[in-house]
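Throughout, protein chains are lettered first and strands after them, A, B, ... in sequence-line order, and every chain is numbered starting at 1.
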Number of protein chains: 2
Amino acid sequence: MRISQLSAESGVPIPTIKYYLREGLLPPGEATSATRAEYGERHLRRLRLIRALLEIGRLPVASIRKVLAAVEDEETPLHRMLGTVHYAIGPDVEPHPDTAEWQQARADVDALIDQLGWAVSPNAPTRDELAQTLFTLRSLGAEAGRESLIPYARLAEQLVREREMATIPLDGPRDAAAEALVIGTVLYGKAFDVLRRIAHEAESARLLNAHPEH
Amino acid sequence: MRISQLSAESGVPIPTIKYYLREGLLPPGEATSATRAEYGERHLRRLRLIRALLEIGRLPVASIRKVLAAVEDEETPLHRMLGTVHYAIGPDVEPHPDTAEWQQARADVDALIDQLGWAVSPNAPTRDELAQTLFTLRSLGAEAGRESLIPYARLAEQLVREREMATIPLDGPRDAAAEALVIGTVLYGKAFDVLRRIAHEAESARLLNAHPEH
DNA sequence: CATTATTAGATAGTAGCAATATCTATCAAG
DNA sequence: CTTGATAGATATTGCTACTATCTAATAATG
């Protein structure tokens, strides 16, 4: 299929597709001449994944490139690729002033992960990310003890184990597993986030005896 | 306290504070002369909240303004204010081509909320947001039936009911409730999101027998 | 075969957002 | 009375995700 058809089927404008090609998000089509290239089903699928990561996951283009590069590279062992994907998905944590409160938050995170028995790399950036959240919660006056996160962690564990990892075809082709992981992490993460906000609304209505407007 | 001290204590540069004042995120200090204004503890607290919503919640400044305006306005009844906060927190859902698949996703969301027995406004933008996620999941080939979201919904319900709404002082002063709600929704939402990604890493390591690097 | 349309690839420009920077006219304090 | 800080206004920047334009080559069509 030519670029115009790729654009038509995906709904992504041609200049944007060219931009993704330039940025290395989309592999080039098979050149059939100096001014023609052939794109396939794979490109369409990739394009949809890019849009999902952008629009649903709100990942910056630079992160998407990292994710897709890890997915692409057959050299990387699967568990390293999964790690790359995880780390690319999170935002950059800007460094904090090295105060006692920050040390405490960071130590609490480490202790929490230890207590949960989770096998997580000691220098995983997600540790800093969680510490930052904990730190901010406390600086806003919330009583956010380490143990207050445990119910969240247990629920997360349950979700990941029973729903998300269970659906990833770890024995199938590598790129299928990679893509499933990305979809599971980003899209189901979003789904849960929205459901949680909907639940907030429903619960508020219940507690305040406010019936939703019809 | 003067603006320089406000800046020093919050870590936010003076030009940025001025920007927030201009944008109406931060109420002006009490003017003591043409070139002097006095800021208080309230401003410091507000500034911290703004930064939390920006950095942790990644809310755009325009949304933060809406949230804070709803918190501020004593006229708005509490349940309406909570609704405003919820809706401001979510992203704008760009309109979809009105295909059968979109209709189906939207209908599934409505049916799901009905089935859960949640009291949610029929025109809540979160319905569209969830439908978009469902739609995208399906367009990527995931088998995302309506029932696949039920476990997520039940977990969300549990979390919101037992942890988050329970800590909101609904009988106390209004702005305390509002702020607690914002913090609960945005910051604990983030905390859960990070914990979920950490759980992903731990579970990947477990399944792939890959031990984290030391 | 001539004309019109399409494409690859390169380069430049735009829109939106969150700041920063700069400037002036005051004040405040030593 | 001189130095420094501040309010308020206006302008500028840096970043990101596009979007537009141009050229040379090629394909499609009458």
Q. Heavy atoms under 4.0 Å, any strand shown: does A:Pro28 hit a base, just sugar-phosphate, or nothing?
A. nothing
(Q) Walk me through whether A:Glu164 and B:Arg196 qualify under salt bridge (charged side-chain N to carboxylate O under 4.0 Å, His left out). (A) CA-CA 10 Å; A:Glu164 296 174 9; B:Arg196 190 168 148 284; 3.1 Å; yes
Q.
Regarding B:Ala31, tell me which of base, sugar-phosphate or nothing describes its non-hydrogen contacts under 4.0 Å with the strands shown.
A. nothing
Q) Which residues, if any, of residues 47-58 of chain B bring a heavy atom under 4.0 Å of DNA chain C? A) B:Arg51, B:Leu54
Q: Name every residue in residues 18-27 of chain A that has at least one heavy atom under 4.0 Å from any atom of DNA chain C, in order of residue number, or write none if there are no such residues.
A: A:Lys18, A:Arg22
Q. So does B:Ser4 get a side-chain nitrogen or oxygen closer than 4.0 Å to the phosphate oxygens (OP1/OP2) of D:dT6?
A. yes
Q. Under 3.5 Å, is there a donor-acceptor pair between the side chain of B:Ser33 and the main chain of B:Arg36?
A. yes
Q) Tell me: CD1 of B:Ile3 to C1' of D:dA7, nearest whole Å? A) 8 Å
Q. Rounded to the nearest 0.5 Å, what separation is found between the CG atom of A:Leu68 and the CD atom of A:Glu23?
A. 12.5 Å
Q. Going through the checks in order, is the side chain to side chain donor-acceptor pair (under 3.5 Å) test met by B:Glu203 and A:Trp118?
A. CA-CA 8 Å; B:Glu203 187 65 6; A:Trp118 289 0; over 6 Å; no
(Q) Donor-acceptor check, side chain of A:His200 to backbone of B:Val160, threshold 3.5 angstrom: yes or no? (A) no
Q: To the nearest 0.5 angstrom, please state how far the CG atom of A:Leu137 sits from the CD atom of A:Gln132.
A: 11.0 Å
Q: Find the distance between OH (B:Tyr39) and OG (B:Ser4) and round it off to the nearest 0.5 Å.
A: 10.0 Å
Q: Determine, stepwise, if the pair B:Arg174 / B:Glu74 fulfils salt bridge (charged side-chain N to carboxylate O under 4.0 Å, His left out).
A: CA-CA 8 Å; B:Arg174 215 190 98 89; B:Glu74 302 279 341; 3.8 Å; yes
Q | Distance in angstrom units between B:Gln5 CD and D:dG4 C1', rounded | A | 17 Å
Q.
Rounded to whole Å, please give me the gap between CD1 in A:Ile14 and C1' in D:dT21.
A. 14 Å
Q.
Donor-acceptor pair, distance only, cut-off 3.5 Å: does the side chain of A:Arg127 make one with the backbone of A:Ser121?
A. yes
Q | Side-chain (A:Arg46) to main-chain (A:Leu25) donor-acceptor, under 3.5 angstrom | A | yes
Q: Quickly work out the B:Glu38 CD to D:dA7 P distance and round it to whole Å.
A: 10 Å
Q | Given B:Val109, B:Ile113, B:Asp110, the one that forms side chain to side chain contact (heavy atoms under 4.5 Å, CB included) with B:Leu130 | A | B:Val109
Every protein N/O within reach of nucleotides 27-30 of chain C N/O, cut-off under 3.5 Å:
| unit_1 | atom_1 | unit_2 | atom_2 | d |
| --- | --- | --- | --- | --- |
| C:dC27 | OP1 | B:Ala34 | N | 3.4 |
| C:dC27 | O3' | B:Ser33 | OG | 3.4 |

Q. Quick one: on DNA chain C, does B:Pro60 or A:Ala37 contact a more 5' nucleotide (nearest heavy atom)?
A. A:Ala37
